Amino acid sequence: MARHVYVTKLDQVNRDLLENARSMTMAVDREFANVQASLTALGTSPSFRARDFVAIHLQSREILKNYPGADIIVAESDGQQLVNTYRPLGSVLPKRNNPDTVRRIFEGGKPVVSNLYYGAITRRPVIAIDVPVMIDGRVAYDLSMSFPAHELSSVLRSQNVFKEWYGTVVDRNGVITVRTSKGNLFVGKELTGELRTAMSRASEGILRIKTPQGGVAFSAYAKSPLSGWTVAVAVPREFALREIYSWMRWVVGAGVFTSFLGILLASWIARRIARDIQSLVEPALAIGRGEPATTIGTDSGKETSDVAEALVQASQLLQRRAAERDQAERQLSDTIEDLKRETAERIRAMEEVRRQEHLLTQQSRQAALGEMVGNIAHQWRQPLNALGLLVQQPLLFHELGELDHEFLEENKSKSMALVQHMSQTIDDFRNFFRPDKEKRRFKVCDEVAKVLSLVDGSLQSLGVTLDVQQDGDPAIEGYPNEFAQVLLNILVNARDAIAEREVVFPKVLVRIAEQEGKAVVTVTDNAGGIPEEIMDKIFDPYFTTKGPQSGTGVGLFMSKTIIEKNMGGMLTACNVAGGAQFRIEV
């Protein structure tokens, strides 16, 4: 506790130092701001436009009544002084000794706080605050107020800080401009050592420094954002820690005294407690052996008697609990056996479910295979007819005497195109039923095109108008062949509904789009829609409206399983104007 309080108080000293440094910096900034405001007001005088330097000299004198020891200077761009209140009016004046500040005024047109420099006339260390005098939108004169550096000492001393402290003001070049203690020895010299290094690294901070006398002092500094000057506050370590050391002596003394009394009291209480506890050893050992504990007599305090009675009650309770535990173990053994039997039954049920799902998958594949064979027949019927005509044409043209090499080349090209088309149909059939082992990214439009190429013939045989609309080119992560199987099931159902209801102008619309980052495929027909009484059943396994000879009832069930369980999407159906619409969203 003593160490914690020591660290806390030491931290408080450092925080107080930093707060005082900040406060002094603000006080210096206020002083500079007041001077700057006075000069700005003077710079608006009409006497500058009239170059009436006598009036300017008199006006400057009026302002200096509020700033004892200061001087006001008016200079041109080359630094030549036109007015200097330190000299009588009409005196010959030299150029200013801080040409860099004059240059910044005429180039930047903004107020400037100078570094420490020696006046060209007064030959004393001074600080100048310069403001531009603007005439017709340009800098006409440099208006400056210079005052001795020691004037800032009164500003620093006005702040409420530690006893035995001393403050230092450093300009942008690291030169000491003001020091509240022994200022005549330090003003005008560059700051060195640890404080100068710390100021170059950060705009404010706290550190320990070595004093010229070889001691240690706590120091804090803060840099002014207005002038770029830095104010540092320091206090010798012995003065900063005097109160802390005094408090620590009282704390340590009180702690030692309290600890001594505590040890004496603890020793007396310990002997009494040890005697009482010793009388409780025998009943405790009996409980440990699992034997009933007997009541013991003791002349000790009430607490020991209560503990002895509690030990007896605990022994009785343990005996009852042991009997209850044995009974619970028997019940637990029976429950475990029941769980084993129930688990075995559930495993058998899960295996049956997996078998049924596998059977459904196989049935879905077989149904799709049957549909595919029918589609291939439709796809091949027209090419076979055309190929038969092409085979007969050479003999006919030979009999007519018109058979030539050009005709044979054309006949061969047409025949090979038909053969390649039929071969492509076989490749599409084989790729369609190739199982996907891993998910991969594929374009939806490619799978739609593959499926449409397989059912195009059967749709054309019914006179179905097939319309494909695409908005965007969505791609999804999943199993492309299974996705194609779902599309095939939906298109086959649409075809069968159109054929069954003998639609006069049958149409099927396939729309591909991308909505809110998801791929959406809709298949819409004009076959009259799905009856409302079976709308909730169409995705159930083995539910079909085609009869046992035409359908298995697993196509839409497997389609929903593929889209929603295997690919994390959604398959829905609804009635639209004149027909039904199936929506795939992945």
Side-chain angles (χ1 to χ4, degrees), residues 288 290 314 316-373 430-442 447 476-490 492-493 518 530 533-573 582-586:
Q316 297 171 353
L317 180 60
L318 286 174
Q319 297 297 321
R320 290 196 302 271
R321 292 286 175 83
E324 294 172 356
R325 182 199 60 203
D326 294 340
Q327 182 179 0
E329 287 179 351
R330 289 192 295 271
Q331 293 176 350
L332 179 61
S333 178
D334 295 340
T335 303
I336 290 174
E337 291 299 325
D338 293 340
L339 286 175
K340 287 181 179 179
R341 289 193 295 271
E342 184 179 350
T343 302
E345 292 175 359
R346 289 186 177 182
I347 291 175
R348 286 194 296 272
M350 291 176 63
E351 291 176 351
E352 179 63 21
V353 170
R354 284 196 293 269
R355 190 183 69 79
Q356 292 292 337
E357 289 182 352
H358 180 69
L359 180 60
L360 286 173
T361 303
Q362 291 297 111
Q363 291 177 348
S364 176
R365 286 282 181 176
Q366 290 171 359
L369 178 60
E371 295 292 344
M372 188 61 66
V373 171
R430 183 179 66 252
N431 293 332
F432 184 82
F433 282 97
R434 180 179 297 160
D436 292 318
K437 300 299 183 182
E438 296 181 355
K439 284 186 176 183
R440 63 185 179 88
R441 193 164 188 83
F442 63 90
E447 299 307 314
I476 58 177
E477 194 82 17
Y479 305 99
N481 282 351
E482 292 188 357
F483 186 82
Q485 182 182 348
V486 173
L487 286 174
L488 178 63
N489 288 339
I490 296 173
V492 167
N493 284 346
K518 295 183 179 180
I530 303 169
E533 60 270 15
I534 67 170
M535 179 65 77
D536 297 334
K537 301 178 182 179
I538 61 174
F539 292 111
D540 294 345
Y542 300 112
F543 178 81
T544 179
T545 60
K546 301 177 183 179
Q549 302 299 325
S550 301
T552 61
V554 298
L556 288 180
F557 169 73
M558 290 306 301
S559 297
K560 194 172 185 67
T561 301
I562 289 170
I563 294 299
E564 296 188 356
K565 291 187 177 180
N566 295 359
M567 300 182 67
M570 182 179 296
L571 172 60
T572 57
F582 283 82
R583 178 185 175 92
I584 304 172
E585 183 177 332
V586 181

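Everything quoted here is computed from the prediction, not taken from an experiment.
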| About how many Å separate CZ of Phe483 and CD1 of Ile476, when rounded to the nearest 0.5 Å? | 4.5 Å

| said: Rounded to the nearest 0.5 Å, what separates atom CZ in Arg583 from atom CD1 in Ile563? | reply: 12.5 Å

| If every non-hydrogen atom of Ala484 is compared with every non-hydrogen atom of Glu447, which pair is closest and at what distance? | CB-OE1, 3.8 Å

| field | Neighbour count >12 (heavy atoms, 6.0 Å) for atom CE, Met535 | value | yes

| task | For the pair Arg341 and Glu345, find out whether any cationic side-chain nitrogen is under 4.0 Å from an anionic carboxylate oxygen. | result | no

| field | Glu329 backbone acceptor or donor facing Ser333 side chain under 3.5 Å | value | no

| Exercise: identify the closest heavy-atom pair between Met567 and Val586 | O-CG1, 3.9 Å

| Side chains of Leu571 and Ile562 in contact at under 4.5 Å (non-hydrogen atoms) | no

| request: Would you sort out whether Glu342 and Arg346 count as a salt bridge (charged side-chain N to carboxylate O under 4.0 Å, His left out), showing the intermediate values? | output: CA-CA 6 Å; Glu342 184 179 350; Arg346 289 186 177 182; 2.7 Å; yes

| said: Please give me the minimum heavy-atom distance between Asn489 and Ser559, naming the atom from each residue. | reply: ND2-OG, 3.0 Å

| Which atoms form the tightest heavy-atom contact between Ile530 and Ala573, and what is the distance? | CD1-CB, 4.4 Å

| query | Quick one: CD on Glu324 to CZ on Arg321, what's the gap to the nearest 0.5 Å? | reply | 6.5 Å

| remark: The reported gap from CZ in Arg440 to CD in Glu477 (rounded to nearest 0.5 angstrom) is 10.0 Å

| task | Determine whether Ile336 and Lys340 make a side-chain contact, defined as any pair of heavy atoms from C-beta on separated by less than 4.5 Å. | result | yes

| query | Nearest 0.5 Å, what's the CZ-CG distance between Arg330 and Asp334? | reply | 9.5 Å

| message | So, taking the atom named NZ in Lys537 and the one named CG in Leu556, what distance separates them when rounded to the nearest 0.5 Å? | response | 15.0 Å

| field | Minimal non-hydrogen separation, Asn566 against Tyr479, with atom names | value | O-CE1, 3.8 Å

| Going by an N to O cut-off under 4.0 Å, is there a salt bridge joining Glu585 and Lys518? | yes

| Phe539 to Thr572 - nearest heavy-atom pair and separation | CZ-C, 4.3 Å

